Amino acid sequence: MDFHLLFLSCNKSHLAKRLHALLVVSGNAHNIFFSTRLVNLYADLGNVSFSRLAFEQIPKKNVFAWNSMISGYVRNGCFPEALDCYYQLLTMSRVRPDFFTFPAVLKACGDLVDGKKIHCWVFKLGLCLDLFVAASLIHLYSRFGFVGDARIVFDEIPVRDLGSWNAMISGFCQNGKAADALGVFEELRLEGVKLDSVTVSSILPVCAPLDDLVRGMLIHVYVIKHGLEFDVFVSNALINMYSKLGSLGHAQQVFDQMMVRDLVSWNSMVAAYEQNDDPITALGFFSKMKLNGFQPDVLTLVSLASIVAQSKGCRNGRSIHGFIMSRGWLMEDIFIGNAIVDMYAKLGSIDSAHKVFEGMPVKDVISWNTLITGYAQNGLASEALEIYCLMGQCKGITPDQGTLVSILPAYSHVGALQQGMKIHGRALKTGLHMDIFVGTCLIDMYAKCGRLDDAMSLFDQVPRQSSVPWNAIISSYGIHGHGEKALKLFGEMQDERVKPDHVTFVSLLSACSHAGLIDQGHRCFRLMLEDYGIQPSLKHYGCMVDLLGRAGHLDMACEFINNMPIRPDASVWGALLGACRIHGNVELGTFASDRLFEVDSQNVGYYVLLSNIYANVGKWEGVDKVRLLATDRGLKKTPGWSSIEVNNKVDVFYTGNRSHPQCEEIYKELGVLLAKMKSLGYVPDYSFVLQDVEEDEKEDILTSHSERLAIAFGIISTLPKTPLRIFKNLRVCGDCHNATKFISKITEREIVVRDSNRFHHFKEGICSCGDYW
DNA sequence: TTAGGGTTAG
């Protein structure tokens, strides 16, 4: 009987069992050659327990048998069993492991302790120079992040084969060391060795982090020339390279030309469109993937969660969460948990995000960063700060670049300069201050906390080849009202050949708008389209309407809206409404608010704005009507609050609030100030009192506005002439603006008030933005 | 009869 042929034809577990029986019946069961083949056969068919049974039945196990059993476990992902088997080999048999044993055993190592122990054995047996063992050792050290040790093993190999080169390249690559990976790749090329599909699929992932599309394309040419494009790993790596570098067309082309596609190919296409902001096409690929018989895995779901977050589909979010729960993935995969936290946060359901976070069995630094960013981006800065504190108490979690990037905007938001500076100190200690994203957040933080000079000197230190820090510094000058300087910086950016993006133009247009630079704003808008081919988004249109409207060109603003090629959203109508408030145009304001409420009826700020317009001209029926409308829709006015940081502590004041421990002193100070202000010619402007009340009551209302409480608190809590920095969550009212001018003169203090819109610098009775607020 | 090195995510 030809057992050799029978072995070859067994492709199902039940056939293997029949063959097993046949071997027993024919008296060949104890033949070590056949029984070892049986061990391998069962393992290949995924039947580990029968593989073990066949192994146990071998009376005198030789090294072939042990190796087959160990590698059988490894091929089936049973790593602890493989290691056990290896230790049994060492302790219970007289067989010595050989260079066939170690590649499998090294793969089975669960941690570096196991790995080092086994490396010692390899060394004792003199097997370090075996190329297969060496490649496995390089892989092992890289897997646990010890790529330096991997390099030592690599350097000790006298004559390397392609396998060891490939192991080293992918080792660097998987540890985020793209440049080192490329260095090894270049050495390999110098040797003139022909690359194989493994080399190519290992090196392709470095192109994206190095932003090197040309290299990626050259490798693609090599692939075609050497017929490597039929390897599914190579094609998948090409798809990912192109997609990450923004060349979706090329990615699509590679996918279309593939003869055989696997789950990775489909996942890569879904992710490609999702990451290039085309959630609809991404979803299309997801459907086609299912039609082609592929079941989604964890990675598919990560992309789906991002798609849902992008397209704001709350209900889909719940069903994705449910699907993941039903598979139990949330319990075993930290990545998917983080993705769901991120998804809920982006959908604005921060409570659901927090709940998922709480339920995660293991949290890593990214889980914490995601939650902090979620709170910060939902406007809940103090909650974000609380989470950051909790994170600090959590053992084993060290804040990283992502943490600083998530926490700094929260400090900027509440104007906590001193605490933000602490983060700056931490960044300096860890060297993260030169990181482009941390550097940019620091620029933004200093600018938003009123330290424009510090922001500028930081800008001078960070790398500035990308648009990111430029956008931050241009926006900083913009919110401080220095439109000309913002434009000058934009000029420098062009001189340094840094390509502006859509964010640059939002910053520029809003800088022009705050400074009343109409012509320059128009010029920027044209430049964006004509020279840089950037299609204006709703944000750009909103800025233009703001620019025209703020300067009093209400007709031009309306005409601009009428000529828009896309449907105006709330930000565009909101800009027009804001302009109507400044220029007291009730009729157009009513029209703008009607359009506005059609597209967004839930933003309470717009109701307040409209109510202000009516109150300003004493149309109290209008005020009542708006109030009723807002109440009917279940909206409540956002309470106005101001904060000030004194001695490392942020104090928050609500309008009319009398619960502060130093409340009496504060109101006393305000009374003294009011008298002095009046003697200098201050006349309260009651048009900013939105309630229909008696005159004397109106004065009290103005005096207890939150920004004045914060200013008075600052005056009594700091040494004379100390500058005061106030943050207000809403817009500063016109009367407070005027009053602050007087206060800056009387107290000889510099007072900086940042409101939800811009900065106001008061010094010696003058505001840098004049009366134009 | 037994062995290494590869592609996707928050």
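Computed from a prediction, not measured in an experiment: that's the story for all the values here. Hydrogens, waters and symmetry mates are skipped; everything else that's a heavy atom, side chains included, is used. In what follows, chains are A, B, ... by sequence order, proteins preceding strands, each numbered from 1.
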Just checking [X]: base, sugar-phosphate only, or nothing, at a heavy-atom cut-off of under 4.0 Å?
X	result
A:N369	nothing
A:D342	sugar-phosphate
A:D364	base
A:V234	base
A:L131	base
A:S164	base
A:L162	base
A:S197	base

Considering residues at least two apart in sequence or located in another chain, which fulfil the side chain to side chain contact (heavy atoms under 4.5 Å, CB included) criterion with A:A384? A:I372, A:Y375, A:A376, A:A410

Between [N] and [X], is there a base-stacking contact, meaning the centre of the base's six-membered ring lies under 5.5 Å from the residue's ring centre while the planes stay under 30° apart?
X	N	result
A:F335	B:dA9	yes
A:F64	B:dT1	yes
A:F233	B:dT7	no

Rounded distance in Å - [atom1] ([X]) to [atom2] ([N]):
X	N	atom1	atom2	value
A:Q275	B:dT8	CD	C1'	9 Å
A:F7	B:dT1	CZ	P	11 Å
A:Y141	B:dG4	OH	P	19 Å
A:R261	B:dT8	CZ	P	19 Å
A:L127	B:dT2	CG	C1'	15 Å
A:L89	B:dT2	CG	C1'	13 Å
A:F286	B:dA9	CZ	C1'	15 Å
A:K244	B:dA9	NZ	P	4 Å

Verify the contact: side-chain N or O of [X] to OP1 or OP2 of [N], cut-off strictly under 4.0 Å; return yes or no.
X	N	answer
A:S170	B:dG6	yes
A:H139	B:dG6	yes
A:R37	B:dT2	no

Counting side-chain heavy atoms from C-beta on, which of [options] comes nearest to [X]?
X	options	answer
A:S268	B:dA3, B:dT8, B:dT2	B:dT8
A:V298	B:dT2, B:dT7, B:dA9	B:dA9
A:D333	B:dT8, B:dA3, B:dA9	B:dA9
A:F33	B:dT8, B:dT1, B:dG6	B:dT1
A:T36	B:dT2, B:dG4, B:dT1	B:dT1

For A:Y388 and A:W368, run ring-ring contact (aromatic ring centres under 6.0 Å, His included): C-alpha distance rounded to whole Å, both residues' side-chain angles, the deciding distance at 0.1 Å, then the answer. CA-CA 8 Å; A:Y388 175 65; A:W368 288 92; 9.8 Å; no

Quick one: does NZ or CZ of A:K107 land under 6.0 Å from the six-membered ring centre of A:F79, within 45 degrees of the ring axis? no

Kindly indicate whether a cation-pi arrangement holds for A:K288 with A:F285, taking the cut-offs as under 6.0 Å to the six-membered ring centre and within 45° of the axis. yes

I'd like to know if the side chain of A:Q88 pairs up with that of A:D84 as donor and acceptor (distance under 3.5 Å, no hydrogens or angles considered). no

Check: [X] side chain, [N] base, donor-acceptor under 3.5 Å:
X	N	answer
A:S201	B:dG6	yes
A:D161	B:dG4	yes
A:D231	B:dG6	yes

Might you confirm whether atom CG of A:D211 has over 12 heavy atoms from other residues, nucleotides or ligands at distances under 6.0 Å? no

Is it the case that the side chain of A:N47 and the backbone of A:A43 share a donor-acceptor pair, with hydrogens and angles ignored and the cut-off at 3.5 Å? no

